[in-house]
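Have a look at the structure below before the remarks.
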Amino acid sequence: MANQNSEIKFDLRPALDEEYLDGFNIRTLWGALFVGFVMLPGAIYLGLMTGQNIATAAPWVTAILFIELAKRSFVTLSRQEILILYMVASSVFAIEIAFASGAPLFGGPIGAKVWDQYYVQSPQAEGLGIAQHIPRWVVPPKTSEAITNRSFFHHDWLLPLGILLLSLMLLRINRLSLGYALFRVTSDIERLPFPMAPVTSEGVFALAETSAKKESWRWRAFSIGSMIGALYGLVYIGVPTLSNILLNRTIMLLPIPWIDLTSKTSSILPAVATGIWTDLTYLFTGMVLPFSVVLGTFTGVIVGKVIGNPILYSQGILHSWHPGMATVPTVLSNLLDFWLSISIGLAVVVGVVGIFSVIKAMVRLRSKKENAVGGLKPPPGRTDIPITAAFGIWAVSTLGFVILCHYLAPRFPLWILLIFGFLWTPFTSYVSSRMIGLTGSATGASFPYLREGVTILSGYRGINIWFAPMPLFDHSAVVQNFKILELTKTKFVSYIKMMVLVFFIMFISSLLFWTLIWKLAPIPSPAYPFVERMWPIYATIQSLWISSTQAGGSSAHWIAQALNVKYILAGFGAGSVLYAAVALLGAPVGFFYGIVGGVSFSTWMHHALPMLIGALLGRYYFGKKFGQKRWKSYAPILAAGYGCGMGLVAMVLIGFALIAKAVSPLVF
C-alpha cells in the first residue's frame, strides 16, 4: 500500500451526463439470497459471541464477491447493480433494538423475540413481578413448550410473530415514504450538500472500475484487514467454539469479551470498572474516528470514571458499590446511583446543541445565498412520485401505528401517540436530515429518553406500552440513501423493490437461523460469552423503566432514585459549560462529543483504552508512514476488512456447530 499514490476523490462527473438506470435484477436477487442465507447466521453467531456487528463489512464483501463471480462469468456489473447489492447487505445487517431494553440485536427482526424469551425468564423480570404480566402478544409464558423447547415453530409464537410482522411492515412503509419526502425537501428544494453521501457513491464507482478488471488499492487494503480479522478470529472465537464442539467444554485463550480487572483494582480505584476489551474492534475504531473524538472519549472516562468515581464513592454518592464487585455489578450500581441522571443531562445538551447548529447553519447559508432553493419538479428518469403522495402514504402508515399501539396498550393516552406519530417523528426526522445534509452526521439531533420520560409523566399504569410499537422514529438515514441513489444515477424504484425483497428474505432467514442457533444452546448461556455478560445489564435497565409504571410495583422507587433531578440539572449545566469552553477555545467540536460519550454510562475504560491505542497508532505511526491523507483513506477499509474476516470465520464456525448439533443425537 505504501507505493500507492491514489487518494479518494469525489469525482462524480461520469454519472452526471448519464440516464438513470435500474439496478434491481436477478443478480441482486441472488445477492439478497446469499446475504440472507449464508452471511446472516455468521452475523448472529458473531454478535452472540463477541457483540461485534459485521454491518460495515458485509455490504462491501457482498459487492466484491459478486464482482469477482461476475468477472469469471465475463460479466461486468454496473454501478447501479453494485449499489443495490451494497444496500441489500446494509439493510439485512442493520442493528435492531428491542423495545425499552437498548439491547443491540444482530441478525434480523427475530432477534427481538430472542431477547423477549430471555427477559420473561430473567431474574430481573421475575424478581420485580414483571414476568407474569408480560402480554402474550409479546412472548409466550416461560412455562410454554415454545420456551422450554427453544423453538419458534410452535403455535404459541403465532400471535407475537404476527404482531412483529405487522409492525415491521408498517415501519418499512413509514420509513420509505417519509424518508423520500424529506429527501425531496432537503435535496431537491433546499439543495443541501450531503457531504458524506459521496463516500459511499465514490466507493461504488471504484468497485465498478474493479468490475471492469482495473486494479484498485482498496482491494489490497480490504484483503489485509480481512486476513487480520480471520487470523485473530481463529484464536478469539475459533478455539472456544471448536473446543465446545469437540471436548464439550469451552477453552478460551482470551476472555470474551473483556479481561475484567475491576475486583483486583478496587482497593486503589474504588467504584471504577477496569478491564481491557479483547476484541480488536475498538482498536480499529480508534484508527477510523477523528482523533479529537477519541481523545475526548478517553478524557471523559479518565476524568469522569477513573478520577470521579472514587471521589463520588468517598462522598457517599455511589453508595451501592462495595469492594469485590466485578465490572457488570459495578457499572449497574454506579448507573443507578449517579450516572444515569448525569448522562440524561449531558445528552439533552447534545440535543439542544444539534438543533441550534441546524438553525445557525440555515441562517448562515441563507445569508450568504449558498443555499439556493430548488423546485418541486424532479429530474426525468429518476422514477419519482408526487411529494404529496409520499406524505399521504406516510400519514396512513402512521395512523396504522397509532391504531395498533392503542389497541395493544388501550390505557395509554391516545393524544400522546398522535403527537409522537404526526408531529414529533416528522420534526425530529427533518432536523436530523438537515444535520446530515449540512454536516454529514445526525449526532445530537434527537432528545434522549423521550419515550421513557413521557411514559412516566403521562400517569400511565401498566407495562403493555413498554412493549408496544410506539410511533416514535427518526427516518433521516433513509434520506441519505436516496441522495446516494441520485449520485450514482440509480432509479429510485430499484431501492423500493430491493427493500420489499429484503423484508421477506430477512424475516424468513432470521426466523430460520435464530431457531437453529437457539437450539444449539440457551441464549444467553456460557456458550455465548458476550450476551451472558451484557444482557443482564440491559435487563436491569428495562426493568428499571417498566417498574416505574407497574401498578403496585415493588421497586417503583428505583426510578425516583435513579432519575435525580439535581443530578440531571448538574449534568445539563456541566455539559453547557463544557460546550461553551470548547467553542471559546476554538477546540474541535468532536472533542466535546467525545467527552460526553466518555462520561456516559455506556462507555468504560474497557472501550476507551484500545480506542486511544488505535488512534495513537494511526496518528503517529501509520499516518507518518503513509501520509495522513492516505491513511485516512486506508483506515476505514482496513476496519471493514477486519470485520469481514471475523464474520467469515464466524460463518464457518456456525456451520461446524450446526453440523455437530445435527449429528450428535445419531447412534452409530
Side-chain angles (χ1 to χ4, degrees), residues 10 12 15-16 19-24 79-80 83-84 86-88 90-91 94 171-202 204 354 358 361-362 365 370-398 422 424-443 445-446 473-500 502-503:
F10 303 129
L12 304 176
L16 294 179
E19 295 182 355
Y20 285 90
L21 299 178
D22 195 339
F24 183 87
R79 72 174 68 93
Q80 290 81 9
L83 178 63
I84 295 301
Y86 175 91
M87 288 185 169
V88 163
S90 298
S91 299
L171 177 60
R172 189 60 57 94
I173 296 170
N174 199 263
R175 180 179 297 163
L176 286 174
S177 56
L178 184 59
Y180 169 78
L182 292 178
F183 163 78
R184 294 289 305 277
V185 172
T186 56
S187 180
D188 288 354
I189 299 176
E190 299 182 81
R191 304 293 189 188
L192 300 185
F194 288 88
M196 293 303 295
V199 174
T200 300
S201 60
E202 192 274 344
V204 170
V358 171
M362 289 172 62
L365 288 173
E370 295 175 357
N371 190 20
V373 176
L376 286 173
K377 186 177 180 180
R382 208 173 60 177
T383 60
D384 290 84
I385 64 173
I387 191 171
T388 52
F391 277 118
I393 295 171
W394 162 77
V396 171
S397 62
T398 300
F422 289 98
W424 186 258
T425 290
F427 170 74
T428 190
S429 297
Y430 175 66
V431 171
S432 297
S433 299
R434 284 201 59 90
M435 285 284 287
I436 293 174
L438 292 168
T439 69
S441 172
T443 301
S446 61
F473 309 113
D474 180 354
H475 297 320
S476 57
V478 180
V479 177
Q480 178 144 295
N481 285 344
F482 279 107
K483 185 64 179 179
I484 295 170
L485 290 164
E486 181 187 51
L487 292 176
T488 55
K489 291 290 183 176
T490 305
K491 289 184 176 182
F492 288 179
V493 70
S494 304
Y495 183 58
I496 304 301
K497 290 187 289 187
M498 181 273 295
M499 294 296 284
V500 173
V502 168
F503 175 82

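Remember, predicted model here, so these are calculated numbers, not experimental data. All residue numbers refer to positions in the sequence shown, counting from 1.
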Quick one: closest heavy-atom pair of S429 and S476, and the distance?
O-CB, 3.8 Å
Shortest non-hydrogen separation from I173 to S397 and the atoms involved:
CG2-CB, 3.9 Å
Rounded to the nearest 0.5 Å, what's the gap from [atom1] on [X] to [atom2] on [Y]? Could you check?
X	Y	atom1	atom2	answer
T490	I84	OG1	CD1	6.0 Å
T488	K483	OG1	NZ	11.0 Å
T383	Y495	OG1	OH	13.0 Å
R382	Y20	CZ	OH	5.5 Å
F183	E486	CZ	CD	4.0 Å
L83	L485	CG	CG	5.5 Å

Heavy-atom side-chain contact between Y180 and I496 under 4.5 Å
no
Can L182 and H475 be said to form a side-chain contact (heavy atoms from CB on, under 4.5 Å), step by step?
CA-CA 9 Å; L182 292 178; H475 297 320; 5.6 Å; no
One pair to check against side-chain contact (heavy atoms from CB on, under 4.5 Å): L178 and F391. What are the steps and the verdict?
CA-CA 6 Å; L178 184 59; F391 277 118; 4.0 Å; yes
Can you check side-chain contact (heavy atoms from CB on, under 4.5 Å) on V479 and V185, steps first, answer last?
CA-CA 10 Å; V479 177; V185 172; over 6 Å; no
Are the side chain of S177 and the backbone of N174 linked by a donor-acceptor contact shorter than 3.5 Å?
yes
